[in-house]
Amino acid sequence: MLEQNAIYDRIVEIKNDRFFSNREKLILFFDVVKDLFNYIVADGNVTYTEYAMFYYVLKRFEVPDDIRTNIISIRKYIAKLRKNNKLSPTNSFLEQALSYVVKLISLITAAEVPTELSKITTNLHIELPQDIEEQHKKIKQLTATIIQKILPQTPPNTSNNMIIICQNDENKYAVVIDEGLNYLCVMSKRLNSICFTNLEKTNSDIILTEYIAETTFYKTTNKTHIILEPNFLVDVTELTECFQLKNSNPIISIIRRLLPDNITSKSALEGNIINNMFDNLIEDVEIDFDTCLNNSLKRNVLSLYYIALEDKNTKYSLEKTKGNLEKITDDSIQQYIKSNRSNWFDKFNKLRDIVIENFLNTTNIIEPSFISNVFGLNGRLDLMTETDDKQNKTINILELKSGTGPQGICTANIGVNNKRNYAIPLWINHYIQIICYNMLLQHIVAENDFNKGSSTILYAGLNEKNPLRSVVEDNIHIQNEILFFRNYIVAFLREIADGNLNCIENINNELIEKTFPKYGIEKTKTFIDKFKSLSALEKSYLNTQLSFVTKEMFAQKIGLYIDNFNKNENGFASLWLNSIEEKQLASSVISNLSLDVHNSDFNKMYLRFDIINDDISVYQTPYRKGDICVMYPLNSNMLPIDNQLFRGKILEITDKYVVVNFRNKFSKELLKEDNYWGMESDYMEKNNNIILNSISNFMFSDSPNKDYILGIKEPTFK
């Protein structure tokens, strides 16, 4: 049973704590309210987002309008705090906020207010800063929770357009959706939030008066993007797999998550080796081939071992050394390296010439990671370069491919509902990948006053006559097709989480042959055939397991499906949804880290950061040696979405400093800036796809317990 007096004791404790700033006190006061609300809904069978839970409780307890309005104003202000690290409430605002928090708690619990808190009373309406009140008047981006969908030709709607009623901490909105986008109604039936860009104001006489109160009306334009569940990040690479030259379909992503897969392939290993060579040359163009190859092979030892044993050129060595495992391994690897050395040497020389010609006078950042909470995407580029032109910086991006591009221009058919042909100098999946990266950088470039430069694919194939091929423009139609595929993937994952496998059951051989790439057709047919031949019990088992794992995925990414009794976390999305203070008080971040240049090893990227919090005991963190983390700069109110993320592993951690080994190598100049840094857990590293593979392998392989472990096929020795 919730102890009501403990609630007031906690508020008094926060109020009187001299170490907390006004920002922290306001956040903590509201945390007490959220804890109370979580307790109220804990016994129900419904999983609430924080937003839905908040309005449900206010309605359930019939909170009077004056208290409700002012509590909503406090939420608006806290939403603003999360976006601006320098903003802090005044003493007057904090006192008014505390007064209404106490009134709300008293109303809900019916407990007597302690004397110390009863003295803090106000009947004043909380006034928000002017920039918050006017925020809805200029909307380039709107993210809100869907509260109602009004279908075409359904009262009170008499047009062919769907209307989405949504609400966030700033306002209540009615968005008129263009007729061609009505598919969103079906796709969004299980999703909670939606993001619009580039909306246009419209008249409010299109629906009845009951929806007009406190509602701002907008309509979509030909420049509008629509993103469902934008905080659920989808990887760019996953999206590109869905686009094929003749037929593209987002179902490819869903099936690829389930197909049994080997640890690697020869083409994947080749790509990794060439990428590592390129990274080495970017860092040191004078590096010799043997050192470069050795560095590349060291980073791909397991893949090399597996592919070498499977390669046909090693069979002779295997037969000669049969029965001697150590000899088999050594000879097969040496034979594989020997047979591919000449090819790698030629590609090394080709890459070095390209680096000398294009990347000696630029600031090069290797494998930078970015996230977009607008488009719901995350990705890691092969290379980003910065060039200075007087006072302006220009950002260029490059993606390396180990093969060759199309000979001349190829025609790509892009679109599901509205197909169009495009003449492009790249393979379609590479073209889509570059556009996705440009979408990721769109916000970064705007926030940092950078100019957007070239977007290029580098084909490293030996027979490639035109290795550098650029994307000239980002077509709004193609961007919306990409987002359609992304929305489709998220919607179907939500269906699977809720136990609906219709998206898989409806796949037939005709669809597979028309849609899937040639190398995946037979594997996909086998999978679907076995899926459809499962008994009712087997299908029930598979459904239950897939539902469980997919729910875990949503919980990790956006906090959905977590226990209501616990604090409503945002999963990985807390990275940008929660303020630094909220994360400090929840012990989920180490902030104000300062790079110790003298005790860092820049060659190995083992970097030491000093912990400079004034009172580290206040912000105890759960991080330990070996944990995966992300880091980002905190200077100038920089949020994780405003810059690149740096991923790494904690090598050592004390109460004075932390040593991190960064996964991606990047420019030393970036780290030498006078930056403070924040460190958080990298939830994205918890890859549930491996678990999905293991379930499908267990269900569909001929010898599940013997041949497959967690989606990795064990090599056999003959």
Side-chain angles (χ1 to χ4, degrees), residues 236 270-296 299 344-370 379-405 425-426 430-431 433-438 440-441 444-445 448 450-472 602-605 643-644 646 662-673:
V236 166
E270 175 79 3
N272 288 335
I273 290 174
I274 299 305
N275 269 273
N276 289 325
M277 283 185 174
F278 183 68
D279 292 349
N280 277 260
L281 286 165
I282 288 290
E283 293 178 354
D284 179 15
V285 76
E286 299 296 333
I287 191 172
D288 64 274
F289 170 69
D290 287 324
T291 302
C292 186
L293 178 61
N294 188 44
N295 291 341
S296 299
R299 296 191 64 177
W344 293 334
F345 178 75
D346 291 340
K347 288 190 174 181
F348 170 82
N349 285 327
K350 182 174 183 177
L351 287 173
R352 183 169 59 183
D353 291 341
I354 291 173
V355 170
I356 291 173
E357 185 177 350
N358 297 277
F359 303 112
L360 289 187
N361 298 316
T362 58
T363 299
N364 303 313
I365 305 173
I366 300 171
E367 295 186 345
S369 295
F370 295 96
R380 185 177 65 190
L381 288 66
D382 282 339
L383 179 68
M384 184 174 75
T385 68
E386 296 179 5
T387 55
D388 288 323
D389 180 15
K390 296 180 180 180
Q391 295 181 346
N392 297 322
K393 281 187 176 182
T394 299
I395 296 295
N396 309 285
I397 63 175
L398 180 140
E399 185 70 14
L400 176 65
K401 303 299 178 184
S402 60
T404 58
L426 315 169
H430 301 160
Y431 179 61
Q433 189 173 12
I434 284 292
I435 292 180
C436 286
Y437 287 149
N438 285 337
L440 275 175
L441 288 173
I444 308 292
V445 169
N448 292 277
F450 292 156
N451 293 324
K452 182 67 182 69
S454 62
S455 305
T456 306
I457 291 286
L458 168 55
Y459 289 108
L462 292 178
N463 297 323
E464 180 57 63
K465 296 180 180 179
N466 301 302
L468 293 171
R469 307 192 187 189
S470 297
V471 174
V472 178
F602 285 91
N603 290 324
K604 294 183 178 180
M605 295 308 292
N643 211 308
Q644 74 175 103
F646 303 103
F662 284 97
R663 183 176 67 187
N664 54 320
K665 307 295 184 280
F666 46 92
S667 63
K668 300 175 186 178
E669 288 75 14
L670 185 62
L671 287 174
K672 287 181 179 177
E673 296 177 4

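Values reported hereafter were calculated over all heavy atoms of this structure, with side chains retained and with hydrogens, waters and symmetry mates removed. Just so it is clear, the structure is predicted and the values come from calculations on it, not from any experiment. When a residue number appears, it is its place in the shown sequence, counting from 1.
Here the closest non-hydrogen pair linking Ser402 and Gly271 is OG-CA, 3.8 Å. Taking every heavy atom of both residues into account, Asp279 and Asp382 meet most closely at OD1-O, 4.5 Å. Nearest approach of Val285 to Leu360, heavy atoms of both residues: CG1-CD2, 4.1 Å. Between Ser470 and Pro425 the shortest heavy-atom distance is O-CG, 4.2 Å. Across all non-hydrogen atoms, the minimal contact from Ile444 to Asn643 is CD1-N, 3.4 Å.
Side-chain contact between Ile274 and Leu400 is present, with heavy atoms from C-beta onward closer than 4.5 Å. Two residues are said to be in side-chain contact when any heavy atoms from C-beta on lie closer than 4.5 Å; Phe359 and Phe278 meet this criterion. Side-chain contact between Phe450 and Leu441: absent, with no pair of heavy atoms (C-beta onward) separated by less than 4.5 Å.
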Listed pairs under 3.5 Å, donor-acceptor, residues 457-465 side chains, sequence neighbours left out:
| unit_1 | atom_1 | unit_2 | atom_2 | d |
| --- | --- | --- | --- | --- |
| Tyr459 | OH | Trp427 | N | 3.4 |
| Tyr459 | OH | His430 | ND1 | 2.8 |
| Glu464 | OE1 | Gly405 | N | 2.8 |
| Glu464 | OE1 | Arg469 | NH2 | 3.3 |
| Glu464 | OE2 | Asn466 | N | 2.9 |
| Glu464 | OE2 | Arg469 | NH2 | 2.6 |

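For Asn358 (side chain) and Ile354 (main-chain N/O), a donor-acceptor pair under 3.5 Å exists by modelled atom type. At least one donor-acceptor pair under 3.5 Å links the side chain of Asn396 to the backbone N or O of Ser454. Between the side chain of Lys350 and the backbone N or O of Phe345, no donor-acceptor pair lies under 3.5 Å.
Salt-bridge check for Arg380 with Glu399: failed, with every basic side-chain N at 4.0 Å or more from each acidic carboxylate O.
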Notebook entry, point to check: Checking side chain to side chain contact (heavy atoms under 4.5 Å, CB included) for the pair Leu293/Met277: CA distance, chi angles, key distance, verdict?
Noted result: CA-CA 7 Å; Leu293 178 61; Met277 283 185 174; 3.7 Å; yes

Margin query: Please determine whether side chain to side chain donor-acceptor pair (under 3.5 Å) holds for the pair Asn451 and Lys393, giving the CA-CA distance in whole Å, both sets of side-chain angles, and the decisive distance to 0.1 Å.
Written below: CA-CA 6 Å; Asn451 293 324; Lys393 281 187 176 182; over 6 Å; no

Check: Does the side chain to side chain contact (heavy atoms under 4.5 Å, CB included) test come out yes or no for Thr291 and Asn280, once each step is laid out?
Finding: CA-CA 9 Å; Thr291 302; Asn280 277 260; 6.0 Å; no

Note to self: If you apply the rule side chain to side chain contact (heavy atoms under 4.5 Å, CB included), what do you find for Phe289 with Asn349, and how did you get there?
What the structure shows: CA-CA 8 Å; Phe289 170 69; Asn349 285 327; over 6 Å; no

Margin query: I'd like to know whether Glu286 forms a side chain to side chain contact (heavy atoms under 4.5 Å, CB included) with Arg352, so could you lay out the CA-CA distance, the side-chain angles of the two residues, the decisive distance to 0.1 Å, and finally the verdict.
Written below: CA-CA 9 Å; Glu286 299 296 333; Arg352 183 169 59 183; over 6 Å; no

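Using modelled atom types and a 3.5 Å distance limit, the side chains of Asn438 and Ser455 yield a donor-acceptor pair. Donor-acceptor pairing under 3.5 Å is lacking for the side chains of Thr404 and Lys401.
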